[in-house]
Enquirer: 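Take this structure, written in structure tokens, and hold onto it; I'll ask about it next.
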Amino acid sequence: MAGADGFSPEWYKTMETHLIPTLLKTFNWVMEKKMTPLSWNEAIISIIPKEGKDRLDCANYRPVSVLNIDYKLFTSIISRRLETILPMLIHKDQTGFIKQRQTQDSIRKVLNIIHQVVQQKQETLVISLDAEKAFDSVRWTFLYKVLGKFGFCKSIIETISGLYNKPTARIKINGDLTETITLERGTRQGCNMSALLFALYIEPLGQWIRQRADIKGVKVSGKEQKLSLFADDLLLTISQPTKTLPIIMDSLKDFGTLSGYKINVNKTQVLTLNYSPPQNIKDEYKWEWQADSIKYLGIALHKDFTKMFEVNYGPLNTKLQSDLQRWNTIPFLDLHSRIDSIRMNILPRMLYLFQCLPFPIPQKQFVEWDKMLSRYIWRGKKPRIKYKTLQLKTDQGGRNLPCLQDYFCAAQLRPLICMCSPVYTAGWKDLELKTFEKIPLKALLADIKLQGELPLQDDPLLNMMIKTWNDTVKKCNLMEDSKILRWCAYDSEFTPNKYDGRFKLWIAKGLTDFNSFVHKGAFQTFDTLKKKHGLISDDFFRYLQVRHYFNQKIKIPTDDPRFLKTFKTLIKAICPTKIISKLYNSILSHKGENTYYVKERWEREGQLTITEEDWEQICRKQWITTGSNIWREFCWKSIMRFFTTPSQKKYLGNSKCWRCGNNGANHFHIFWDCVIIKKYWSDIHEHLQNVFSIVFPLSFESLFLSKIDGLDNKNKKLLYILLAASKKAITRKWLKPEQPTTEDWIDVVQRIYIMERISHSLQIRLDVFYATWSIWTEYVKPVRSDFI
């Protein structure tokens, strides 16, 4: 979005080569002079009403500030450099806006604390504190002193001070701008550095609480836990609450006096665990002391874990039903839009709960969700395409409809990846790894008998994680393949490790799972392992024991299964990214679902032979026609037999073709084999040969399935557009007795032409557009002057 100067991001991208030298000089000038151009000072603030609030009250509007793009570019460069060092400066208790830290890290840590506190019957108070306009309350003088204490050089502090030197704003109301307002505190909304600066600003509070001996935290897994932070959202877990609570509240007031940070007492939530507050505490702090749950980062934390599903998914289900019912009334939402709304609106809400709540979801709930989404996709009518087909990837003939159950499995496996990854750090990980001090977590994965030696059943979080792993391995039929993940030092079926402790010493040498003994599909020789891992000659007999057991019990996968391959890759990655999507795709690939049943119907009706490879290419081509999702979806519908034919309505007593009157008018007949439509395809075939100056057979595979070779990428794109238009001309005369004509075809092409020209114009890529369409416009110009 453009700032006060009116220059949009698209303008900057277009003028990139001209602007970079000037921007470079400007940015270096700002760094040197500790000043900013006057245009950087001004912000435009729009106000958005808060949902469900009184719109007559000014406090119920949320301000959204827009700054100039050149300012954002400068601060984005600084923030990219700043974010690389923040993990070393900011404690793990803070998970907001710090690289490689996420919201669910705070949630999982709190769940661990609640579980262990309840089990150990510790007297505990959980307090969720909310700051009043936290980002807007930052006192700049305090921020600069904090930066100095963190060791930032004077030059950087002065540069940041220059960015905050007399910033101004104007508020946009109904399209009009107010007079200029001078801002005197707060991090600048819309600035790329704001969140990072706030994390530094609030860190002294966290350090103060951690270092105060009179503020008593709770002992969990041998460590004292006092607080969790996500930006300004502060959650405290304290023991001896009657004594500790007043000290905390006084400390927060003292911090606020220095920094500007102020707690909104009215929004404070408390959860008492094994604690009943005395009357003087209740009188002093007018909070809801009888609450069974509190809301933290959008998650309802209940004392009783068995009710976590109800208090979190219950309201979500109600909201989803309300949203779907409201969206159903929108007349222009087609199939593509409905699936996209699920992927972009419903899935993120579900996925957030999946990641934050490591608790089982009943199978009937997934079934109900699928039914709910299916009714929404098909507007309450009978589905025309299988629900599981819609869940496939587009290059497999699907529509990328999310499979919620597989996403849930992937979300529950994410903590397992994080715990196995040696470089991932988080507060909850430190707590949970205490359980695996006796036996490493990775040694348990493929050994269910060994899992029974640890009290995993007593920990609902760990139990859910391991159970999901076992269920996924079983569902993907990887029980035998996964044995290669066992560790020879702990394998429950490898007898020698029970009497010989030397195998455990091999772990430090890098010989852990059986996969570490294998290279390029073969078990390595002793000499190779000796050189590579520092084994000694006395280890030779142990090597023979391991090799014998491996040859008898362990299987080297001839083709490493994708799920296991993904798992191995993620735990070895320095910074695992997109963990859930990678796991989801791997799980999806093992389900064996495909669209070959559609291919077989085309083959049966048309007496064709289509290879699986050709079919995958055909499915892929439907999504590279135009830039419009509507036209891409039409191409996909044509291939996937979306349109209803007379043969599908034979139960009504009439399966005759509406053109020729023949019985059994199936898809192949309607789109290709009808005698009335053959002339149309013959004309299309002749035109296409003339347009591209090539010769190809007049066949269903060529014209309907787009199987035409011998063209470069530019002409292929145009060919796919023309073929899409040829099919659309048929469906435009659906249920009409007359055949489509080449004039109808050219009309459809002209519609696509206009749409493509507008799209390329907005993207400032008209040169690409004209290069693609030039041979068509030259060909059709003699008969259609509207193609220019």
Side-chain angles (χ1 to χ4, degrees), residues 343 347 351 354-355 366 386-421 424 441-448 465-487 512-522 554-597 599 611-617 619-620 623:
R343 190 163 51 242
L347 177 61
L351 200 52
F354 292 167
Q355 293 180 80
F366 287 111
K386 293 180 181 179
Y387 192 78
K388 290 184 177 180
T389 297
L390 296 178
Q391 292 175 338
L392 295 174
K393 298 297 179 183
T394 52
D395 58 0
Q396 295 176 294
R399 288 293 288 109
N400 284 330
L401 175 69
C403 176
L404 297 180
Q405 189 161 13
D406 288 346
Y407 265 114
F408 175 74
C409 290
Q412 299 309 311
L413 291 176
R414 180 189 175 273
L416 179 63
I417 297 292
C418 296
M419 291 184 73
C420 291
S421 176
Y424 188 88
L441 171 60
K442 286 190 278 188
L444 297 168
L445 295 180
D447 198 332
I448 295 179
M465 180 178 70
I466 297 298
K467 183 179 183 301
T468 303
W469 165 266
N470 292 335
D471 291 346
T472 304
V473 168
K474 186 176 180 180
K475 181 170 67 174
C476 296
N477 196 26
L478 299 174
M479 299 297 289
E480 291 299 318
D481 289 324
S482 66
K483 286 184 178 180
I484 201 168
L485 299 177
R486 293 186 178 188
W487 289 26
T512 52
D513 57 23
F514 288 109
N515 191 56
S516 62
F517 290 83
V518 177
H519 181 66
K520 293 184 178 180
I554 308 299
K555 172 185 175 183
I556 298 179
T558 53
D559 181 19
D560 202 0
R562 182 174 176 182
F563 177 73
L564 291 182
K565 188 175 181 180
T566 301
F567 175 77
K568 294 174 189 175
T569 302
L570 288 173
I571 63 175
K572 291 179 181 178
I574 296 176
C575 294
T577 58
K578 300 182 179 179
I579 294 176
I580 292 178
S581 61
K582 291 174 182 176
L583 289 172
Y584 172 77
N585 290 331
S586 296
I587 295 171
L588 200 64
S589 67
H590 280 84
K591 294 176 71 172
E593 298 291 337
N594 55 58
T595 55
Y596 294 155
Y597 70 94
K599 173 182 77 74
T611 66
E612 293 180 1
E613 182 180 357
D614 285 343
W615 179 251
E616 291 173 0
Q617 288 292 332
C619 292
R620 195 173 292 114
W623 297 98

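Model, not experiment: these values are computed from the prediction.
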Enquirer: Roughly how far, to the nearest 0.5 Å, is the CG atom of Leu401 from the OG1 atom of Thr389?
Expert: 11.0 Å

Enquirer: Around atom NZ of Lys442, are there more than 12 heavy atoms of other residues, nucleotides or ligands at under 6.0 Å?
Expert: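 Counting other residues, nucleotides and ligands, NZ of Lys442 exceeds 12 neighbours.
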
Enquirer: Starting from the C-alpha separation in whole Å, work towards a yes-or-no answer on side-chain contact (heavy atoms from CB on, under 4.5 Å) for Thr472 and Gln412.
Expert: CA-CA 11 Å; Thr472 304; Gln412 299 309 311; over 6 Å; no

Enquirer: Enter the distance from Phe514:CZ to Ile554:CD1 here, rounded to the nearest 0.5 Å.
Expert: 5.0 Å

Enquirer: Aromatic ring centroids of Trp469 and Phe563 under 6.0 Å?
Expert: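 Yes: the rings meet the under 6.0 Å criterion.
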
Enquirer: Taking the side chain as everything from C-beta on, heavy atoms only, tell me whether Asn515 gets closer than 4.5 Å to Lys568.
Expert: yes

Enquirer: Within a reach of under 6.0 Å around NZ of Lys572, are more than 12 heavy atoms found that belong to other residues, nucleotides or ligands?
Expert: no

Enquirer: Walk me through whether Arg414 and Gln355 qualify under side-chain contact (heavy atoms from CB on, under 4.5 Å).
Expert: CA-CA 8 Å; Arg414 180 189 175 273; Gln355 293 180 80; 4.1 Å; yes

Enquirer: Looking only at heavy atoms, what is the nearest atom pair of Ala446 and Arg486, with distance?
Expert: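 Reported closest heavy-atom pair: O-NE, 2.9 Å.
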
Enquirer: How long is the straight-line distance from CZ of Arg399 back to CG of Leu390, given to the nearest 0.5 Å?
Expert: 8.0 Å

Enquirer: Is the closest side-chain heavy-atom distance between Leu347 and Pro402 below 4.5 Å?
Expert: yes

Enquirer: Near Lys393 NZ, under 6.0 Å, is it more than 12 heavy atoms from other residues, nucleotides or ligands?
Expert: yes

Enquirer: If we only count heavy atoms from C-beta on, is the Tyr584 to Cys409 side-chain gap below 4.5 Å?
Expert: no

Enquirer: For the CG atom of Leu485 and the CD1 atom of Ile571, what is their distance to the nearest 0.5 Å?
Expert: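 One finds 7.5 Å between CG of Leu485 and CD1 of Ile571.
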
Enquirer: Would you say that His590 contacts Pro561 through its side chain, given a criterion of any heavy-atom pair below 4.5 Å between the two side chains?
Expert: yes

Enquirer: Does CG belonging to Asn477 count more than 12 external heavy atoms closer than 6.0 Å?
Expert: no

Enquirer: Would a 4.5 Å heavy-atom cut-off, applied to side chains only, mark Leu588 and Lys591 as touching?
Expert: yes

Enquirer: Determine whether a donor-acceptor pair (N or O, by modelled atom type, separation under 3.5 Å) exists between the side chain of Lys582 and the backbone of Thr577.
Expert: yes

Enquirer: Please evaluate residues Phe567 and Leu445 with respect to the criterion side-chain contact (heavy atoms from CB on, under 4.5 Å), reporting the C-alpha separation (whole Å), side-chain torsions for both, the decisive distance (0.1 Å), and the verdict.
Expert: CA-CA 11 Å; Phe567 175 77; Leu445 295 180; 3.3 Å; yes

Enquirer: Under the criterion side chain to side chain donor-acceptor pair (under 3.5 Å), I'd like the reasoning laid out for Asn594 against Lys599: C-alpha separation, chi angles, the key distance, then a yes or no.
Expert: CA-CA 10 Å; Asn594 55 58; Lys599 173 182 77 74; over 6 Å; no

Enquirer: Phe366 and ring pair (Phe, Tyr, Trp, His ring centres under 6.0 Å): which partner among Phe408, Tyr407, Tyr387?
Expert: Phe408

Enquirer: Does any N or O in the side chain of Ser421 come within less than 3.5 Å of the main-chain N or O of Ile417, such that one atom is a donor and the other an acceptor?
Expert: no

Enquirer: In Å, rounded to the nearest 0.5 Å, how long is the span from CG of Leu570 to NZ of Lys578?
Expert: 12.5 Å

Enquirer: Please check: side-chain N/O of Arg343 versus main-chain N/O of Asn400, any donor-acceptor pairing under 3.5 Å?
Expert: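 At least one qualifying donor-acceptor pair exists.
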
Enquirer: Going by heavy atoms in the side chains, are Met465 and Leu413 under 4.5 Å from each other?
Expert: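 In short, these two side chains do not touch, never coming nearer than 4.5 Å.
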
Enquirer: Do Leu416 and Thr468 have side chains that get closer than 4.5 Å, going by heavy atoms?
Expert: no

Enquirer: Quick check for you: to the nearest 0.5 Å, what is the distance between Ile580 atom CD1 and Leu351 atom CG?
Expert: 5.0 Å

Enquirer: Where do Ser516 and Thr512 come nearest, in terms of heavy atoms and distance?
Expert: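 Looking at all heavy atoms of both residues, the shortest contact is OG-N, 3.2 Å.
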
Enquirer: Decide side-chain contact (heavy atoms from CB on, under 4.5 Å) for Leu441 and Ile466; before the verdict, give the C-alpha distance in whole Å, the side-chain angles of both, and the deciding distance to 0.1 Å.
Expert: CA-CA 10 Å; Leu441 171 60; Ile466 297 298; 3.8 Å; yes

Enquirer: Is there a donor-acceptor pair closer than 3.5 Å between any side-chain N or O of Gln396 and the backbone N or O of Thr595?
Expert: no

Enquirer: Going by an N to O cut-off under 4.0 Å, is there a salt bridge joining Lys475 and Asp406?
Expert: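 Salt bridge flag = yes for Asp406 with Lys475.
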
Enquirer: Walk me through it: do Trp615 and Tyr597 pass the test ring-ring contact (aromatic ring centres under 6.0 Å, His included)?
Expert: CA-CA 11 Å; Trp615 179 251; Tyr597 70 94; 9.1 Å; no

Enquirer: Using the rule given for side chain to side chain donor-acceptor pair (under 3.5 Å), can you reason through Tyr596 versus Glu616, listing the C-alpha separation, both sets of side-chain angles and the distance that settles it, and then say yes or no?
Expert: CA-CA 9 Å; Tyr596 294 155; Glu616 291 173 0; 3.2 Å; yes

